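Before any comments, here is the structure.
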Amino acid sequence: MKVHVKLKDSDYLKFSEYQLTHSKQGKRTIFLRRLTLPVISVAMIIAFIAFHASTRALIIEIVSLGIASVIWVIGVPEMLRSSIRRDFYNKKNKGRIPYRETSVLDFGEDGITEISGNYSDITPYSSINAIAKSDDRLYVFTDGDKGFVIPFNDAAKNGRKVARLLSEKTGLEVAEESAN
């Protein structure tokens with residue numbers, strides 16, 4: 001089965017954002033970023049205690065750093081999504097689009113062959129670690145931050161066929177996700 005893929009900027013950005021919130025690497029990044037300000041806040045409070053700060057100054061510091069830490073922990077995922085978008089548009093403005101706009105995905109017996117111009121790459125089915133389907137896209141995740149986005153733009157039936165084929169070849173369930 002061959003599928004012609006034409007990606008837009010929004011497809012790439014949705015893939016990157018989905019990868020951030022659903023992959024092991026992305027979840028770890030969010031977790032570690034969430035910890036930074038609370039850890040620094042605790043270190044500052046310990047320093048204030050060690051230097052015998054007044055009770056009033058200590059209470060003000062605890063309250064203000066506590067509020068800042070809560071806001072930080074809640075806001076980290078959106079800050080990272082914003083960073084992804086900003087980096088993408090910086091690359092695009094410099095003429096370096098980080099994805100192939102058009103390609104053909106050939107779903108063969110041993111893997112997926114991606115053909116784009118003079119470029120050709122084979123991804124074995126064994127390297128696929130997750131498959132997710134939204135209302136308008138199929139996400140196929142491989143090692144690290146790589147993978148495929150298959151938009152359902154004009155042929156949603158192909159998306160269902162591809163999802164079924166990938167599920168059979170990899171033994172993975174296709175996760176249903178709502179469009180964000």
Side-chain angles (χ1 to χ4, degrees), residues 3-48 60-103 105 112 114 116-117 119 121 123 127-154 156 159 162-163 166 172-180:
V3 175
H4 295 272
V5 176
K6 183 167 176 62
L7 296 178
K8 299 179 274 186
D9 293 350
S10 61
D11 296 319
Y12 176 81
L13 289 170
K14 287 286 187 187
F15 176 81
S16 297
E17 291 173 6
Y18 188 93
Q19 180 86 2
L20 174 70
T21 56
H22 290 79
S23 70
K24 279 185 186 178
Q25 184 180 12
K27 288 178 182 179
R28 185 177 18 167
T29 299
I30 289 172
F31 176 74
L32 291 174
R33 291 273 176 101
R34 281 182 166 162
L35 280 181
T36 56
L37 189 61
V39 168
I40 291 169
S41 297
V42 168
M44 290 175 65
I45 291 168
I46 291 171
F48 261 56
I60 291 170
E61 181 188 28
I62 290 170
V63 170
S64 61
L65 289 176
I67 291 170
S69 292
V70 168
I71 292 170
W72 177 263
V73 167
I74 292 170
V76 161
E78 184 53 38
M79 285 187 277
L80 290 172
R81 280 193 282 278
S82 176
S83 176
I84 287 171
R85 288 188 295 270
R86 185 176 54 250
D87 290 346
F88 169 75
Y89 287 114
N90 283 342
K91 286 178 185 176
K92 187 175 177 183
N93 290 338
K94 292 178 183 176
R96 298 183 324 218
I97 297 176
Y99 64 91
R100 290 171 196 82
E101 292 179 290
T102 59
S103 63
L105 299 179
I112 304 169
E114 180 182 15
S116 178
Y119 175 83
D121 188 31
T123 302
S127 68
I128 296 173
N129 54 36
I131 307 164
K133 186 172 87 170
S134 71
D135 293 338
D136 58 349
R137 294 173 181 86
L138 182 69
Y139 301 105
V140 180
F141 298 100
T142 59
D143 303 325
D145 62 348
K146 296 179 183 170
F148 303 100
V149 180
I150 304 170
F152 298 161
N153 40 14
D154 55 338
V162 169
L166 288 173
L172 296 170
E173 291 293 319
V174 178
E176 295 281 339
E177 296 290 329
S178 61
N180 293 333

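Keep in mind that the numbers below use all heavy atoms, side chains included, and drop hydrogens, waters and symmetry copies. Owing to the predicted nature of the structure, the values given are computational and were not obtained by experimental measurement.
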So do the side chains of Val5 and Val3 get within less than 4.5 Å of each other, counting heavy atoms only? yes
Take a 6.0 Å sphere around CZ of Phe31 and say whether it holds more than 12 heavy atoms from other residues, nucleotides or ligands. no
Does the distance from a Lys or Arg side-chain N to an Asp or Glu carboxylate O, for Arg137 and Glu17, drop under 4.0 Å? no
For Tyr12, which of Phe88, Tyr139, Phe148, Tyr89 qualifies under ring pair (Phe, Tyr, Trp, His ring centres under 6.0 Å)? Phe88
Value rounded to 0.5 Å, distance of CD1 in Ile45 from CD1 in Ile62: 5.0 Å
Look at the side chain of Trp72 and the backbone N and O of Thr36, then say whether any donor-acceptor pair between them is shorter than 3.5 Å. no
Test salt bridge (Lys or Arg N to Asp or Glu O under 4.0 Å) applied to Glu61 - qualifying residues, sequence neighbours left out: none
Is the side chain of Ser83 donor-acceptor paired with the backbone N or O of Met79 at a distance under 3.5 Å, no angle test? no
Would you mind checking if Glu101 and Lys8 are paired as a salt bridge, meaning a charged N to carboxylate O distance below 4.0 Å? no
Of all heavy-atom pairs linking Ser16 and Ile84, the shortest is CB-CG2, 3.7 Å
Report yes if some heavy atom in the side chain of Leu65 is under 4.5 Å from a heavy atom in the side chain of Ile40; otherwise report no. no
Decide yes or no on side-chain contact (heavy atoms from CB on, under 4.5 Å) for Arg33 and Leu80, but give the supporting numbers first. CA-CA 9 Å; Arg33 291 273 176 101; Leu80 290 172; 2.9 Å; yes
Once rounded to the nearest 0.5 Å, what's the spacing between atom OG1 of Thr29 and atom CD of Gln19? 10.0 Å
Check whether any side-chain heavy atom of Leu172 lies under 4.5 Å from a side-chain heavy atom of Leu166, and answer yes or no. no
If you round to the nearest 0.5 Å, how far is CG of Leu105 from CG of Leu138? 10.0 Å
Lys92 NZ to Asp87 CG distance, which is reported to the nearest 0.5 Å: 15.0 Å
Any donor-acceptor pair under 3.5 Å linking the side chain of Ser116 with the backbone of Thr102? yes
Under 6.0 Å from the CZ atom of Arg81, do we count more than 12 heavy atoms belonging to anything else shown? yes
Does the side chain of Arg34 reach to within under 4.5 Å of the side chain of Pro77, using non-hydrogen atoms? yes
Search all heavy atoms of Val162 against all heavy atoms of Ile150 and return the closest pair with its distance. CG1-CD1, 3.7 Å
Any side-chain heavy atom of Arg28 within less than 4.5 Å of one from Gln25? yes
Contact between Ile112 and Ile128 at the side-chain level, heavy atoms closer than 4.5 Å - yes or no? yes
Closest approach of Val140 to Phe15 (non-hydrogen atoms, all atoms of both residues): O-CE1, 4.1 Å
Correct closest heavy-atom pair for Thr142 and Thr123 would be CG2-CG2, 3.6 Å
State which residue, out of Asp11, Asp9, Leu13, fulfils the side chain to side chain contact (heavy atoms under 4.5 Å, CB included) condition with Tyr99. Asp9
Are there over 12 heavy-atom neighbours, none belonging to Glu78, within less than 6.0 Å of that residue's CD? yes
What I want to check is whether the side chains of Ser41 and Ser69 have a donor and an acceptor closer together than 3.5 Å. yes
